[in-house]
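Just follow the structure's listing: the first ligand is 1, and inside any ligand the first atom is 1. Basis for what follows: all heavy atoms, side chains included, without hydrogens, waters or symmetry-related copies. Count residues from 1 along the sequence.
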Amino acid sequence: ASLDTLALTERGASLEVFEERLLLQIWAVQNGTVRVAIDELQPIKPRYKVVDVLVGEPRCEQLRIEWRRAGCVSLTWGPGQHQVRVSASPFCLEVVCEEEVIVTLNPKGRLCFETLQDPPSSLISQDEEDPLGLWQENFKQFRDIKANGEFPKNYADEDVFFQHYSIIKLKPCITVNICDTGPSSVGIDLSLHGFTNVYGLPEHADSLRLKDTSGSEPYRLYNLDVFGYKINRRLGLYGSVPLLVAHKPDRTLGVFWLNASETLGDNGPTVKWSRLSPETNVSWVSESGQIDCFLLLGPSPAQVFSQYAQLTGYQALPPLFSLGYHQCRWSYDDEEDVKSVDAGFDLHAIPYDVIWLDIDHTERKRYFTWDSKLFPNPIDMQLHLQRKKRKLVVINDPHIKADPHWPFFFAARDGHHFVNDRDGNVYYGTCWPGNSCYLDFSSSRTRSWYASQFSFDKYKGSTESLFVWNDMNEPSVFNGPEQTMPKDAVHCGGWEHRDLHNLYGFFQHMATVEGLITRSGGLERPFVLSRSFFAGSQRMGAIWTGDNIATWEYLKISIPMLLSLSITGIHFSGADVGGFWQDPDPELLVRWYQAGALQPFFRGHSAKQTKRREPWLFGDTVTSAVRSAIQQRYYLLPYWYTLFHLAHTSALPPTRPLWVEFPKETETFIMDNQYMIGSALLACPVTDPGVTEVKVFLPGSDEVSLKFYGYLSLQGNAEGMLYLDDGHSFNYRDKKQFSLRTFTLWSGRLTSSYCKATKKICLCPQTFVVLLVLRPPTWKLSVDHRMQSICDHGLCCGGSE
Ligand code: NOJ
């Protein structure tokens, strides 16, 4: 690093590194985060910078120089509790807190930054072999050409892009100046001092505590459609969150690597050469883009969660119904089938809120349509469900059937809403409808267009009780490399798919959410489930873990998979209850319902080829066990809703690894089978066959009895809270119509008081049932007049309402 080039700006510091080829920027983001970015000083074309993931430009503190010594400079900010020390040669950067180095960037000088270059002329003129795969790489029958054509320099401006695009289209034989980029990867190492337990980096079907990957395969972040994925593997699955959380008894630390291209995260606990304390070395490598790394300094787990949420956003507050039970299958055959399954729930007194329709409800896999024979009266069907306060969710995938007779297709094509191939033509791939094109959700113009398709006048047969499921949005391309889109496909702005692959599903999720909010005039909260996701997807809604299998191993792995998601901000997640593929035996099915009822998103789902498995098809014993698991979910619904309010406002995950609540209890650091639901309930689902008893580790030295809304201390005192609002609109946000009450049990007396409330609201009857049923006979319940007036205000009925 050239320390002479150090410049302090209003928002941070910058200096040149590596013979003035790279620019290092450092910011102290408010509330305990250090951001370090490295980009080329003069790239031959701009490198991709992730957009729309951060909720805004982070607010930064003024940096100041604390001292300068030969070859090293120390920067600090605010009260001076933290420092960033940059050493010139070899270049490394240390983050220091109270004289202790917490993390070192580039400790071994392995910073990698492939600057963009012009290709060797021999490669352009002849179709020469490139044995190292630097400019073109062959994978099975696919060839990835890492040399995309030039687009105008100001291509961030979409109008300029489209003007240029049409020139290419009109005169396809014109050769534009090739501005090839070739290899473009970036990578850096970090030492996390004193840490041996690291977590995060979803999505992987692996343990919660990340494995030491030294000498073995790294964790890969590359969103892929992996049907029946293998477990205990580090290959990429449907979504990615490049956030690693390190924990030790006195500190939690987050490392957020903001890059949307294919990324590898490698980690290995070792003993550091210069001091005898353990540490974890983390290496990040991404195929393209820039280095943009956030160090979330905690020190508590809750502070790391909040630092991360301040960057990428808080969990959306789900509509209350979506925290209830969902019944899905690929596919319910027709309207009669839907009505009969719906009636089955009533007949067997099993509560549920939502029934789902998979791809076969459409006219030949053309989303936004209905098969006119199977679903001739979709509105009547929805009204039928609505009368019982139930909802319908329908699937809407990102591939669009290439059907020149379908107005939707040609509107998308003529409006330039599809991803292109590297030659500037619309890209075609295969998915459920056969030959298809893929909407370019990375374009805000396309997102708005797609969102507008959900308006009630455009989406015929939809009503306000219809919600949406985005599937296959990694994107899945049946005839593509690794069953996804080629990396040299081109998006709006001229960016290669390679640059933003991991964001594709995130952008579709965003567009769908926008569509549902807009169709309600901005009044109603959306519910959208997405299979693919990225950092920040929590702002949109729910995700699930894709095509699992009906075996005990998949039930077991669902717990660490969902916990990894929850500590990386994606709180509303679930796994297909019962297993998507194959048929569970009744014991597994019951255990899965019991476990699923304790996970944030609770949906039974199964593949087309599986046997029907509505809860009443296996005899009375199974029906009653499933009924009671689902009922217990509904008893706890006010608690879940309160936890989602806390996630929405303070980033606390509704489901938490034990160490989040008990950060000093080292036994909890490796636990995969137990977790906390909020701070008051401990969950330990049965995930093995033939089990009638489980051994549960009870953390917390002075808290013995776990109860709803709060836990009892040894002295028999407890405190908790309850959040309520209308359960569906944005009035809680826009009109402050909600109620937040604390409940305190002190010397045998239970009292309740407002935390915050401005408007009277309708209260769920179940809330009282839960409180009353669970209170031991010795408790005294005092209801104050304000609470009474809320009770009188009105009661709802049925399902979650
Ligand atoms: C794959 C999804 O993972 C699965 O849940 C769905 O049923 C099928 N696609 C069909 O749409």
Side-chain angles (χ1 to χ4, degrees), residues 202-203 205 223-231 236-239 326-333 337-338 341 354-371 374-375 392-401 429-434 436 438 467-480 482-484 504-505 508-509 512 527-533 537 541-550 554 557-558 561-562 565 573-584 592 596 599 601-614:
E203 182 176 37
N223 297 351
L224 290 174
D225 174 5
V226 195
F227 170 78
Y229 47 85
K230 303 263 183 307
I231 55 178
L237 294 182
Y238 309 92
H326 300 249
Q327 180 66 32
C328 187
R329 173 169 179 83
W330 177 17
S331 281
Y332 285 123
D333 299 337
D337 198 10
V338 168
V341 172
V354 195
I355 189 158
W356 291 53
L357 293 180
D358 209 316
I359 47 178
D360 304 312
H361 80 278
T362 60
E363 193 79 63
R364 289 176 292 138
K365 317 291 184 291
R366 299 183 305 174
Y367 308 106
F368 295 106
T369 69
W370 303 85
D371 183 306
L374 307 175
F375 293 90
L392 180 73
V393 170
V394 296
I395 203 161
N396 199 299
D397 291 354
H399 49 257
I400 303 298
K401 185 177 170 68
T430 313
C431 208
W432 301 124
S436 305
Y438 288 74
F467 296 86
V468 182
W469 171 20
N470 292 150
D471 187 19
M472 314 300 278
N473 53 354
E474 296 69 34
S476 179
V477 180
F478 292 162
N479 60 346
E482 295 192 86
Q483 205 171 308
T484 191
Y504 186 86
Q508 186 194 17
H509 204 182
T512 312
F527 170 75
V528 182
L529 178 79
S530 173
R531 192 169 70 175
S532 189
F533 55 86
S537 287
I543 67 104
W544 94 109
T545 59
D547 297 345
N548 58 3
I549 301 183
Y554 282 83
I557 204 79
S558 71
M561 283 180 84
L562 298 179
L565 284 159
S573 62
D576 285 346
V577 168
F580 174 70
W581 185 244
Q582 295 176 7
D583 300 304
W592 214 317
Q599 295 176 344
F601 174 60
F602 183 27
R603 181 184 76 155
H605 182 39
S606 51
K608 207 176 173 73
Q609 297 78 354
T610 58
K611 296 187 189 133
R612 294 289 287 243
R613 59 165 94 131
E614 285 71 43

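Under 3.5 Å, the side chains of Ser530 and Asn473 contain a donor-acceptor pair of N or O atoms. For the residue pair Trp330/Asp360, the side-chain donor-acceptor check at 3.5 Å is satisfied.
Of all the atoms in ligand 1, the ones that sit under 4.0 Å from a non-hydrogen atom of Trp544 are 2 (C), 3 (O), 5 (O). Shown in contact with Met472 at under 4.0 Å from a heavy atom are these atoms of ligand 1, numbered in order with element: 1 (C), 9 (N). Interface atoms of ligand 1 facing Ile395, defined by a heavy-atom separation under 4.0 Å, are 11 (O).
Looking at ligand 1, you won't find any N or O of Trp469 less than 3.5 Å from one of its N or O atoms. In terms of polar-atom proximity, defined here as any N/O pair under 3.5 Å, Arg531 does make such a contact with ligand 1. The N/O atoms of Asp576, backbone and side chain alike, include none that comes under 3.5 Å of an N/O atom in ligand 1.
A heavy-atom distance below 4.5 Å is not found between the side chains of Glu203 and Tyr229.
Of the protein's non-hydrogen atoms, Asp471 OD2, 3.1 Å is the one closest to atom 2 (C) of ligand 1. Of the protein's heavy atoms, Asp547 OD1, 2.4 Å lies nearest to atom 3 (O) of ligand 1. From the protein, the heavy atom lying nearest to atom 10 (C) of ligand 1 is Asp358 OD1, 3.2 Å. In terms of protein heavy atoms, atom 5 (O) of ligand 1 is closest to His605 NE2, 2.9 Å.
Under 4.0 Å from ligand 1, the heavy atoms of Phe580 that appear belong solely to its side chain. Under 4.0 Å from ligand 1, not a single heavy atom of Asp225 appears. Of all the heavy atoms of Lys608, none lies under 4.0 Å from any atom of ligand 1, so neither backbone nor side chain is involved.
In this structure, Phe580 and His605 have tilted ring planes: the angle between them lies in the 30° to 60° band. By the 30° and 60° cut-offs, the orientation of the rings of Phe601 relative to Trp356 is tilted. The aromatic rings of Phe375 and Trp370 are tilted relative to each other, their planes meeting at an angle between 30° and 60°.
Within 6.0 Å of atom NZ in Lys230, 12 or fewer heavy atoms from other residues, nucleotides or ligands are found, so the atom counts as exposed in its surroundings.
Looking at Ser476, its side chain never comes within 3.5 Å of a backbone N or O of Asp225 through a donor-acceptor pair.
Ring pair Tyr332/His361: centre-to-centre distance not below 6.0 Å.
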